Protein chains: 2
Amino acid sequence: MDRKELFEKKPKIKINDKISWCPTSAAMELIGGKWKSVILTHLISGTKRYNELRKEIPGITERTLSLQLKQLEEDGFVVRKVFTKKPPLRVEYTLTEFGFTLSPILNSIVEWGLMAAETKGEFIFEE
Amino acid sequence: MDRKELFEKKPKIKINDKISWCPTSAAMELIGGKWKSVILTHLISGTKRYNELRKEIPGITERTLSLQLKQLEEDGFVVRKVFTKKPPLRVEYTLTEFGFTLSPILNSIVEWGLMAAETKGEFIFEE
DNA sequence: ATTTATACTATCATTTTTATAGTGGCAAAA
DNA sequence: TTTTGCCACTATAAAAATGATAGTATAAAT
């Protein structure tokens, strides 16, 4: 079936047991929310430890970071690897191949954010 | 200042009085959430009335649709026009020029949703 | 006279996100 | 030796976002 036919028949979409009414909401069920795309963008540039993410994403709380990573793992975007048995732990998060398929979305979001800041907003530099 | 320099200085970004730490979260402050991108995608194909949107987006509740449209209007993505003074009202929502700058994001989300449904999920057709 | 249509709002319940503080065990600093 | 900090979280409670359901005013259709 081609895209045009698909579009007309408006099938529901099931991904990871979440059912949605259109491709956009299917995507948003998985990567919507305030922080998921931010986390994923930071993982595009390479594997990161929990604390690295925390420092690179100052606005997020630890609990939320933890929960979002868990969901991203469940949905197959991220792999979690533990390298020690006793504290201090070392845990690394890496994008999966499926996770990388999000790059076009994530890149267009970054580009838009920069453009919007330039034209409708402002950059705030600190000393 | 070029993109590379910008990237290194990591300025905060202020758009519509919301302050964020990176372009991605700046974008998400404006179009994150479960429904905004769905609504915007439906408006790309043209002006829609409230009830048209409601019917085209079956999962959303009226309250949420109403609230989201109000925020999208506040943030300059959408214009609301009222055509009657007494009920039954006729209200139309149209994407602004600024709203249309989101097309690359919205298109890549639709494309990804279709791809993910094909490869990791399934389409559910009804009789 | 009753029903239907429109674009909402009100109220309350549930879910998601945030804020803040705390945990265990190890290493380095004082 | 005592203290301090590090790491990857978890516990608890509060706030914000979203959902469910019902109701409003008026006109046109049945």
Side-chain angles (χ1 to χ4, degrees), chain A residues 16-22 24-40 42-43 47-75 78-94, chain B residues 17-21 24-25 28-40 42-43 47-75 78-94:
Chain A
N16 296 353
D17 286 328
K18 288 155 192 146
I19 295 181
S20 314
W21 301 82
C22 67
T24 306
S25 68
M28 283 302 118
E29 286 285 334
L30 295 170
I31 58 157
K34 198 168 170 182
W35 293 111
K36 279 182 183 168
S37 56
V38 179
I39 296 169
L40 290 164
H42 280 271
L43 289 175
T47 294
K48 297 269 166 70
R49 296 180 63 174
Y50 177 88
N51 253 12
E52 292 182 276
L53 287 171
R54 196 171 66 79
K55 283 169 195 159
E56 290 177 13
I57 309 175
I60 200 171
T61 66
E62 302 196 35
R63 175 180 152 79
T64 301
L65 177 57
S66 200
L67 288 175
Q68 302 297 322
L69 284 169
K70 215 166 274 176
Q71 290 180 28
L72 291 172
E73 195 193 359
E74 261 188 46
D75 288 329
V78 155
V79 176
R80 178 177 183 271
K81 270 189 195 162
V82 189
F83 287 89
T84 42
K85 292 188 176 167
K86 293 183 176 177
L89 294 184
R90 180 177 162 202
V91 182
E92 289 188 353
Y93 293 90
T94 309
Chain B
D17 286 327
K18 288 155 191 143
I19 295 180
S20 315
W21 301 81
T24 305
S25 68
M28 284 301 118
E29 286 285 335
L30 296 171
I31 58 158
K34 198 169 171 180
W35 294 111
K36 280 181 182 169
S37 57
V38 179
I39 296 169
L40 290 164
H42 280 271
L43 289 176
T47 295
K48 296 269 165 72
R49 296 179 64 174
Y50 177 87
N51 253 11
E52 292 182 278
L53 287 171
R54 196 171 66 78
K55 283 168 195 160
E56 289 177 15
I57 310 174
I60 200 170
T61 65
E62 303 197 34
R63 173 183 152 78
T64 302
L65 176 56
S66 199
L67 288 174
Q68 302 297 320
L69 283 168
K70 216 166 274 175
Q71 290 180 29
L72 291 172
E73 196 193 358
E74 261 189 47
D75 287 329
V78 156
V79 176
R80 179 177 183 271
K81 270 189 195 161
V82 190
F83 288 89
T84 42
K85 290 189 175 168
K86 292 181 176 179
L89 293 184
R90 180 175 162 203
V91 182
E92 290 188 353
Y93 293 91
T94 308

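In this text, all values refer to a predicted model and were calculated from it rather than measured experimentally. Every chain is numbered from 1, with letters handed out A, B, ... down the list of sequences.
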Specify the separation, in whole Å, of atom [atom1] of [X] and atom [atom2] of [N].
| X | N | atom1 | atom2 | value |
| --- | --- | --- | --- | --- |
| A:R63 | C:dT23 | CZ | C1' | 16 Å |
| A:R49 | D:dA8 | CZ | C1' | 9 Å |
| A:E29 | D:dT18 | CD | P | 12 Å |
| B:Y50 | C:dA5 | OH | P | 16 Å |
| A:E92 | D:dC7 | CD | P | 13 Å |
| B:K86 | C:dA7 | NZ | P | 18 Å |
| B:N51 | C:dT4 | CG | P | 15 Å |
| B:E73 | C:dA7 | CD | C1' | 14 Å |

Examine distances only and state if a side-chain atom of [X] and a backbone atom of [Y] form a donor-acceptor pair shorter than 3.5 Å.
| X | Y | answer |
| --- | --- | --- |
| B:Y50 | B:E62 | yes |
| A:Y93 | A:E73 | no |
| B:T84 | B:R90 | yes |

Is [X] touching bases, backbone alone, or none of the nucleic acid, heavy atoms closer than 4.0 Å?
| X | value |
| --- | --- |
| A:Q68 | sugar-phosphate |
| B:K85 | nothing |
| B:K36 | nothing |
| B:F83 | nothing |
| A:K48 | nothing |

(request) Please state whether the base of C:dT6 and the side chain of B:R90 form at least one donor-acceptor pair under 3.5 Å? (result) no
(request) State, yes or no, whether a side-chain contact exists between A:I60 and A:V38 at a heavy-atom distance under 4.5 Å. (result) no
(message) Can you tell me if B:K70 touches the phosphate of C:dC8, counting only side-chain N or O atoms and a distance under 4.0 Å to OP1 or OP2?
(response)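 So the side chain of B:K70 is outside the cut-off, no N or O lying under 4.0 Å from OP1 or OP2 of C:dC8.
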(request) Report yes if a side-chain nitrogen or oxygen of A:T64 is closer than 4.0 Å to either non-bridging phosphate oxygen (OP1 or OP2) of C:dT17; otherwise report no. (result) no
(message) Nearest to the B:P88 side chain among D:dC9, C:dA7, C:dA5, which nucleotide is it?
(response)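 Nearest listed nucleotide: C:dA5.
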(request) Could you check which of D:dT10, C:dT9, D:dC7 has an atom nearest any side-chain atom of B:S66? (result)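 Selected nucleotide (nearest to the side chain): C:dT9.
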(request) Give a yes or no on this: more than 12 heavy atoms of other residues, nucleotides or ligands lie within 6.0 Å of atom NZ of B:K81. (result) no
